[in-house]
Every structure is written in C-alpha cells, then in structure tokens.
S.K.: 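First the structure, which I've put down as structure tokens, then a few questions once you've had a look.
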Amino acid sequence: MSARSTAVAAARRGGNAVDRLLERPRTVLGVLIAAQIALVLILAFTIEHNAWVWFQGGDQIWMTTTGWLLGDRALAPTELGYLWPALQAPVTWVTGPTYVQVLPPLVLAQVFVLGPIAVLCVYGIAAQIGGRILGYWSALLWVIAPFAAIPLFVDRYHERWTEQFLPQALGLTAMSDFPSMVLVLAGAFFVVQSLGPGRIADAALAGVLIGAGAGLKPPNLLVAVGAALAYVVARRWREGLVCGAAIVPALLVLLLWKVRGLGQVPAFALEQVQVAAGSSPLAANLKLDRYLDLDFEHWRNQMDALREFFWSQRVAQWAPVAGLIAVLSVRRGAIAALLGGWLAAFLLVKGFSPLASIESGSFWRLLMPAWPAYLLLFASIPLLVPTLARRLGDRVLPRPNTSVAPRWIAVAAAVSVLLPAVAIGLSSPIDREGAKEKTVLQDFESGNILTPVDVQVRLEVKQEGVSRRLSWTEGGSWRAGVFYRVYRHDGSDDDTQCVISNGTAWYCYLNSEPIATTRDLSFVDPEAPPTATYRIGVGTNWADDPAFGDVFAFSPPVGVGAPG
C-alpha cells in the first residue's frame, strides 16, 4: 500500500471518528465538564490553602457582611453591587455572618454549577461560529487554558498566577469575580442565540442576564457594547430593543440600592459629600473619570510587564485580532462584533485603569469578565487555515436550536431583580446604634473593609493588679484555621467613630490598635490604661499565617473590668 493511500485511509478514519463525536455532544460536553471539575479540585488541593480558604482579595468580607445585614433587613453603605450580597443573605441565616462560614456552599455552587454553565456557554457561542467542531475545540481550550498557561509564565510569577489568581478565576473564593464572568458569558450566549429570526425570548433572557451581571458588578455592563454592535450588524432591531429593555429593571434595582444605602449614585456624585460629627469627608470629589481613565503610559507599562513575565507578548496581543479576522472569514460578522466590542470595551475601561497591574495580578482579575471573548477569538484562529473551512464542509455550519422557554426568563428575572428589589424595599439603612452593634469598618491606606461583629466571640476582661487578663470564646464554626488579634482603645470614649453619608447609612470606624496576635483564647495585657476598651478580631488567610491576612469578624467591645 502506498503512502498516499495510507494517508487517505487514516484521514477517512479520523473523519469518521470526528463525525461520531459530532453526533454525541452531550457525551463530549459531559466529559469536558467532568475534566474541568477534576482539574479545579486537583488545583484546589495542591496549591497552598487553609481548609476552605484560598487566596482572595479582601472585598469578600464587605460583600458577605452586606449580605448578612440585608438578611436582617438592614442596609449597610452600599458601596458594591447588590446581587452578590442578596444571594448570600439567605445563606448567612444558616451559616453565620462571616465569609469563612459561607465559603463551602459558595465554592461548591461555583465549581459544580457555574463552572459547567460556563463550559456550555463557550461551546454554544463557538458552535454558532464554526459548528460543533469549533464548539468542542473552544470548550476544551476553556477547560485547559488556565492550567496550560502556567508554564508560559516565568518561574517567579507562578505563585502569583496559580495561588493568587487561579482560585479567583475558578470559583474558589467568596469574591464576585467568577460569578460575574459566568453571568456576562451567559448573557453573551443568549445574545448570539437571539441573532436568528424570531428569537425575542432569547433576547429578553440576554438582557436579564446582562442586567444581573451589572447587579453583581456595575462594570459588567460593558458587555452591552458588544451586544449592541452585534444587533446593529445583524440588523435585529426588535431583538436589540428587547434586550436593552430587559437590562433596565436590574439597573433600576441597582439605582435603588445605591440611593437607599449611600444616598447618591457615585457616578453622578460630583460634589463633595459631607458627613456627620464634623469629620473629614467620607467620599469627596467623586468624578466620572474614576470609571474611564485612559492612561496610555500605564498601559505601556503593563505591556512591558507582560513581556517580562509571559512567554510572548506579541502572541498575546495579536491573537484576538487574528481570531476576529477568522470569525469574519466565515461570515459571522454579528458574532465578531459582539466578541470584538465586548473585549475592546473591557480593555479600554479596565485594562487602561491604574488599578490594573500585571505585576500584582490585579490586571487579570479586573479583565476576567472579558476572558471568554478573548478565548473564543483565540479558539477561532484555526479557521484562518486556507481551505480548512471548505474541507470541513457541513461540520462548521451551526446546528439549529430551539428558543429558550419563557419560564427561564421569569426565573432569572425573579432571582436577579424581583427578590432583591423586595429585600431592598423591606430593609432600612442601618442607623448609628445598629452600625455600632453589628459592624466595624477597618480603615487601611489601600481601602477599608466592612466587618461583622459576631456575638459568638464573647470576650471577658478581668483585672489582675495593674494587668488585665482577657479570655474569649472561639466563636463560630470556622471553616479554616484562624488566629486572634487583640485590639485596644486607650481613651474613655467609644472605640469606634461613627459617620453618616448623605443622611442615610452609618459607618463606624474602628478606633483601636492591635496590640497582640495569638492562636490562644487568652491574653494578658501587662500595661493596660485604666480606661482601656478591648475587642478580639478573628483573622485568617490562605497561608494560615498570623502575620498576614484580614480580620473577618470582631467581638463586641468590652471595657476594663466589665463582664464579657
């Protein structure tokens, strides 16, 4: 047998194998989902972690505290989006007020529910570009890319990528970044579905999901730029109007959330905000350029950092451009507009932001909602191979699919709009006494953290001559190893300073200083002032290192000689 005939026979066998796989999308996708879950679990158990705590940025404490208060019908200052706290509120009824306690259900839901949804959405969008064969390829890349990228970074960057970014990118934290990415991706999927004739229901669900993404994190609304371009290119005016209208209810809930908790919408708060008690402004001179800061010098610095840490800066930069040409080459102009507009909007607003740093890793986290667009463009590059699409024939044609059932629109709207709106409407901005009793605002140079006061951490202070002996209970059922920081306020006044923003919710800043860190449940203060007030802060971190990490819960304050 000649080499030519052998090659032809092998090609036919390969083609037949591909055709068999193309007829079994459920099996293929099931295997890919199982592989994704397995890889995430392997990563979770092999990188440094502290029981259920992997590396996370710090905002998770504020989010869970806000959700816990919302579950108690109290509105904390609503600095962040409404949906993630609203989803956590009923969980805190069972677990308790801290993010460490809500981590197990949140992580399980993200890994076993949101992760598979993301795989299906990536497959669905890619299949509309190049058929099931491109859908399989894109879904495979989605599963392996976070791990395949590890050796492409220099050794000294591996810890930053694997231990500090991947846990957030794969749903191992209580942050809203991973749910945001999945919601944005799901919204984009239904935009693609609605580009065909008679797909009004898909357009409505796309709008609900994009609005829900904005409810999680307002910048997620940037995906609407790509959606709008897609509808314009496809000339689907009715679907575009329906999608836009379906976004509005979530934006109205977000507006209600901001006004009721802050007394203002930060994007339009251009004047100085005065607070009570003659204190300094809590939020001054908020300007629109905080959301759009095209710092080209900063962008060039980040590209230099990319060249320093990554295998090939040029490949990373030009891959989406090549992918965009590939999508256009198979005459999917509307989808190209969606992916290109989606990625470009996030790059301009988030990539150019001074907050985005490749060296610290924040660049990847801020651009996470645009990662699906980048990957789908990257996965489409093989379509540029000359004659490949023609040789594959019907294999690269999209398969017909049915429109979404209206009940799913109702479910999505109820979860992301109706129920949160009712919860916000039934809640009141937290007053001064409530803020003092239930929360503490930790203030740092880099920001602040709203932290719950957990009554399960009961502190007792006894006088022993000139010393004070402190003893306290362990607190809740923490899902990680913890340590305790002893805080002391030396004055005779309260250990918090409370301020109000625009006559709405109160903040109570902690006015104490940490004097010791321990894993014990007792501490002797040998030089206690006669008017000292103490608190115990419970802290943890992914490394279980008492020298680092944030305090995620405080005890109520106890004065010298007062009973616990």
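For this chain, numbers begin at 1 and follow the sequence in order. What you see is a predicted model, and the numbers here were worked out from it, not measured in a lab.
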S.K.: Classify the angle between the aromatic ring planes of Phe378 and Tyr374 as parallel (below 30°), tilted (30 to 60°) or perpendicular (above 60°).
M.R.: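 Aromatic pair Phe378/Tyr374 classed parallel.
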S.K.: Is the side chain of Gln36 donor-acceptor paired with the backbone N or O of Val119 at a distance under 3.5 Å, no angle test?
M.R.: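 No, because the side chain of Gln36 does not come within donor-acceptor range (under 3.5 Å) of the backbone of Val119.
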S.K.: Does Arg519 come within less than 4.0 Å of Asp544, counting only side-chain N to carboxylate O?
M.R.: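 Looking at Arg519 and Asp544, the cut-off is met.
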S.K.: Do the side chain of Gln110 and the main chain of Gly115 share a donor and acceptor less than 3.5 angstrom apart?
M.R.: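 No; judged by distance alone, with no hydrogens or angles, the pair does not exist.
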S.K.: Mind telling me whether Trp299 and Phe363 have parallel, tilted or perpendicular rings, with 30° and 60° as the class edges?
M.R.: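 Because their plane-to-plane angle lies in the 30° to 60° range, the rings of Phe363 and Trp299 count as tilted.
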S.K.: I'd like to know if Glu460 and Lys462 make a salt bridge, using a cut-off of under 4.0 Å between side-chain N and carboxylate O.
M.R.: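 Between Lys462 and Glu460 there is a salt bridge, with a charged N closer than 4.0 Å to a carboxylate O.
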S.K.: So, Arg488 and Asp495, do they make that salt bridge, N to O below 4.0 Å?
M.R.: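 Salt bridge flag = no for Asp495 with Arg488.
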S.K.: Between Arg468 and Asp525, is there a salt bridge with N-O shorter than 4.0 Å?
M.R.: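 Salt bridge: no.
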S.K.: What is the ring orientation for Tyr509 with Tyr507, classed by angle as parallel under 30°, tilted 30 to 60°, or perpendicular over 60°?
M.R.: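 Rings of Tyr509 and Tyr507: parallel, as their planes differ by under 30°.
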S.K.: Gln313 side chain to Leu306 main-chain N or O, any donor-acceptor pair under 3.5 Å?
M.R.: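 Here the side-chain-to-backbone pair does not exist.
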S.K.: So, Gln60 side chain and Gln56 main chain: donor-acceptor pair closer than 3.5 Å or not?
M.R.: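 Looks like no, no N/O pair under 3.5 Å.
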S.K.: Any salt bridge between Glu437 and Arg432, counting N to O under 4.0 Å?
M.R.: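 Answer for the salt bridge query: no.
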S.K.: Are any side-chain N or O atoms of Lys217 and backbone N or O atoms of Ser180, one a donor and one an acceptor, separated by less than 3.5 Å?
M.R.: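 Checking the backbone N and O of Ser180 against the side chain of Lys217, no donor-acceptor pair under 3.5 Å is found.
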